[in-house]
Novice: 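This is the structure I want to talk about, given as structure tokens.
Atoms within a ligand are numbered from 1 in the order they appear, just like the ligands themselves.
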Amino acid sequence: MTVSTIRRLQSWVDETAALTRPARVVWCDGGEDENRALIEGMLGDGTLHALEESAWPGCYLHRSHPSDVARTEHLTFICSRDRAEAGPLNNWMAPAEAKAKVGALFEGSMRGRTLYVVPYLLGPPGSPFSRVGVEITDSPYVVASMRIMTRLGRAALDALEGGADFVPGLHSLGDLDPARRFICHFPEERLIWSIGSGYGGNALLGKKCFALRIAGVMARDEGWLAEHMLIIGVEDPTGKTTYIAAAFPSGCGKTNLSMLEPPPSQEGWKVWTVGDDIAWLRFGADGTLRAVNPEAGFFGIAPGTSRSTNPNMMETIRRNTIFTNVGVTPDRRPRWEGDGEPLPPRALDWQGKECTPASGTPLAHPNSRFTAPLIQCPRLSPRWTDPEGVPISAILFGGRRARLTPLVMEAFDWRHGTFLGASLASETTAAATGHVGTVRRDPMAMLPFCGYHMGDYFGHWLEMGGRSKRLPKIFSVNWFRKDASGRVIWPGYRENMRVLRWIVERLRGEADAVETPVGNVPPATAIDTSGLELRPGALEDLLAVSRDDWIREHEELGAFFEKLADRLPAGIRAEHDALRHRLG
Ligand code: GTP
Ligand code: SPV
Ligand code: MN
């Protein structure tokens, strides 16, 4: 650590302690003893509950406050000096106002509690991609979670000693009242302040706050990308691996796709997990776009996870996992809807209340999650810590669309692909508080995570496309198209392998496509449906491009882009016009 970095860290900790008045200050090293002490403390005060030790070794249940179960986007702010920098799609607060208003809430907020100093590394040790963060928090649950989600302790200190700088993030539970909850980002200072929530992306500041909102600003300034993307290696039967990154909005299937176990009909194909939520990408010396996963753990959605939908995740969470807001049986086994077993006759629900199948209330919260180390994933890519990153050949954008977007289509080129990403929309899910199931525009799945003006962000994507001659191809996917009776047509989950296969074959110039006004779509014959029970005509419906629907979409997109008009890049405007022209 350079002298000035040590001084800066020490004085930030001192100032914070003077402001928040904790009973004690603990510097975390991420070691075993420290973790055991944290867990003992939480078992003692009821923050954690032990699960059945023989079936679930090292696993615990945490129940968050019932008003604190998901990210709260309306309480999340970008505090840039100039309001215009945050853009019209972010909440904005002037830095001075945020410092005064939120600073007042931090005053004495840690009284009687411990202030933990948590140094962590995002990205593989020794990688030019990697960045150091230090989170100050008064929540032992946050420390235990950060220990799983990041490289806590030594790796971060080594990087600091090697001369790295760090991003400070201050977090306090406060009183957990949503009226006094704020998640503030100061992009110019590279600083995060979060108070009043102990949950997920609001409180684990290495995740969305740093790895996307602050890192996104760094990436813009330094010429790389920080994206809400999974990363996988798709291995074909000859052993050749193609790396793919995919951006889907929260709750739309990234974790599931990242751990896909191909069905028996797709013999010889394998999917290797590199990351399930966030990707940092930059061009390598050879011109390929390289990706690393800045995280070291999964913070995945429990409901719907079962042996049949995601066997690799079920294996991953069998030990050393923290479950948050799931149900629990009298013999202390974690349970959730869609875990593949019949609902238990008696259990405690996510709030710790008695519940039976007749109660009519959910056992697990729809946004209940597990926090588990990546190294426990049976299909973890051997290259997940590659300091140079894996070379990305394809980028996928996908969302939940009951109509409109086909199962899969290929963009014409990088600019058109950027436009497809900018056009992404999806039905909202329980991952954020608010109404579930309404279609909203979520460009590149980054609406809640872009730390600056979305128009500039599109511009940055277009500019990145000019930096290499070896750009990945861009695709759009939609697992969620519905039939007239409202049922999802595509079986999804492991069967998505069939779509990945078309994409890989397409990259190699081996698969057919039909050019449509919206992109290149496979003919129904190009997707292998052997062993699938699809009604006749289902695949044609999944791949259909309706001109009327797309004309309406084009208009809606126009209205959306209008909001960004002051900074909408010409390239996006040109693509929007070209789409109208192709639609005739
Ligand atoms: P975040 O962690 O919030 O970013 O979500 P995510 O994008 O990782 O989504 P995840 O894989 O956890 O899936 C979210 C929900 O979508 C779960 O309820 C899944 O069961 C469901 N889901 C995932 N993949 C598919 C699919 O291929 N088809 C269908 N119908 N549902 C899916
Ligand atoms: C998401 O909402 O996209 C998540 C969960 O991955 S959280 O960590 O809460 O952001
Ligand atoms: Mn996510």
Novice: Going by heavy-atom distance to atom 17 (C) of ligand 1, choose the closest among Pro303, Ala246, Gly304.
Specialist: Pro303
Novice: Just to be sure I read this right, does ligand 1 sit under 4.0 Å from the backbone of Ala431, its side chain, both, or neither, counting only heavy atoms?
Specialist: side chain
Novice: As an exercise, state the distance from CE of Met146 to OG of Ser139, rounded to the nearest 0.5 Å.
Specialist: 11.0 Å
Novice: Any atoms of ligand 2 less than 4.0 Å from a non-hydrogen atom of Lys208? List them with their elements.
Specialist: 1 (C), 2 (O), 3 (O), 4 (C), 5 (C), 6 (O), 7 (S), 10 (O)
Novice: Can you tell me if CZ on Arg403 sees more than 12 non-hydrogen neighbours from other groups inside 6.0 Å?
Specialist: no
Novice: Ala431 heavy atoms, cut-off 4.0 Å: which ligand 2 atoms fall inside?
Specialist: 2 (O)
Novice: Return the CD to CG distance between Glu495 and Leu534, rounded to the nearest 0.5 Å.
Specialist: 8.5 Å
Novice: What's the atom name of the N, O or S in Asp277 nearest to the Mn ion (ligand 3)?
Specialist: OD1
Novice: Below 3.5 Å, N or O to N or O, backbone or side chain included: is there any such pair between Asp276 and ligand 1?
Specialist: no
Novice: Is the NZ or CZ atom of Arg151 positioned over Tyr120's six-membered ring, under 6.0 angstrom from the centre and within 45° of the axis?
Specialist: no
Novice: Where does the angle between the aromatic ring planes of Trp280 and Phe210 fall among parallel (under 30°), tilted (30 to 60°) and perpendicular (over 60°)?
Specialist: tilted
Novice: Taking a cutoff of less than 4.0 Å between a non-hydrogen atom of the residue and any ligand atom, is Pro249 in contact with ligand 1?
Specialist: yes
Novice: If you look at His228, which of its N/O/S atoms is nearest to the Mn ion (ligand 3)?
Specialist: NE2
Novice: Is the backbone of Leu404 close enough, under 3.5 Å, to the side chain of Arg481 for a donor and an acceptor to pair up by distance?
Specialist: yes
Novice: Classify the angle between the aromatic ring planes of Tyr141 and His62 as parallel (below 30°), tilted (30 to 60°) or perpendicular (above 60°).
Specialist: parallel
Novice: For the pair Tyr457 and Met446, evaluate side-chain contact (heavy atoms from CB on, under 4.5 Å) and give the outcome as yes or no after the intermediate values.
Specialist: CA-CA 10 Å; Tyr457 170 70; Met446 285 288 281; 3.3 Å; yes
Novice: Report the member of Arg400, Lys254, Arg369 with the shortest heavy-atom distance to atom 3 (O) of ligand 1.
Specialist: Arg369
Novice: Specify side chain, backbone, both or neither for Trp490, according to which of its non-hydrogen atoms lie closer than 4.0 Å to ligand 1.
Specialist: neither
Novice: Considering heavy atoms of the protein only, find what lies nearest to atom 1 (P) of ligand 1 and give residue, atom and distance to 0.1 Å.
Specialist: Gly251 N, 3.4 Å
Novice: What about Asn256: any of its N or O atoms under 3.5 Å from an N or O on ligand 1?
Specialist: yes
Novice: How are the rings of Trp193 and Phe186 set to each other: parallel, tilted or perpendicular (split at 30° and 60°)?
Specialist: perpendicular
Novice: From the options Gly201, Cys252, Ala445, Ser145, select the one whose nearest heavy atom is closest to atom 7 (S) of ligand 2.
Specialist: Gly201
Novice: Is there at least one pair of N or O atoms, one from Gly253 and one from ligand 1, spaced under 3.5 Å apart?
Specialist: yes
Novice: Enumerate the atoms of ligand 2 whose separation from the nearest heavy atom of Ser250 is less than 4.0 angstrom.
Specialist: 1 (C), 2 (O), 3 (O)
Novice: Where does the angle between the aromatic ring planes of Phe323 and Trp336 fall among parallel (under 30°), tilted (30 to 60°) and perpendicular (over 60°)?
Specialist: parallel
Novice: Looking only at protein heavy atoms, which one is nearest to atom 21 (C) of ligand 1, and what is the separation?
Specialist: Tyr493 OH, 3.4 Å
Novice: Just which atoms of ligand 2 are under 4.0 Å from any heavy atom in Asp277?
Specialist: 6 (O)
Novice: Going by distance alone, is a donor N or O of one side chain under 3.5 Å from an acceptor N or O of the other, for Trp490 and Asn496?
Specialist: yes
Novice: Rounded to the nearest 0.5 Å, how far apart are CD of Gln266 and CD of Glu261?
Specialist: 12.5 Å
Novice: Let me see the working for Arg181 and Asp68 under salt bridge (Lys or Arg N to Asp or Glu O under 4.0 Å), right down to the final yes or no.
Specialist: CA-CA 10 Å; Arg181 179 179 301 162; Asp68 186 29; 3.7 Å; yes
Novice: Which atoms from ligand 2 have a heavy atom of His228 less than 4.0 Å away?
Specialist: 3 (O)
Novice: Going by the order shown, which atoms of ligand 2 are within less than 4.0 Å of some heavy atom of Lys207?
Specialist: 6 (O), 8 (O)
Novice: Considering only protein heavy atoms, which is closest to atom 29 (C) of ligand 1, and at what distance to one decimal place?
Specialist: Phe480 CE2, 3.5 Å
Novice: Using heavy atoms and a threshold below 4.0 Å, how should the contact between Thr305 and ligand 1 be classified: side chain, backbone, both, or neither?
Specialist: neither
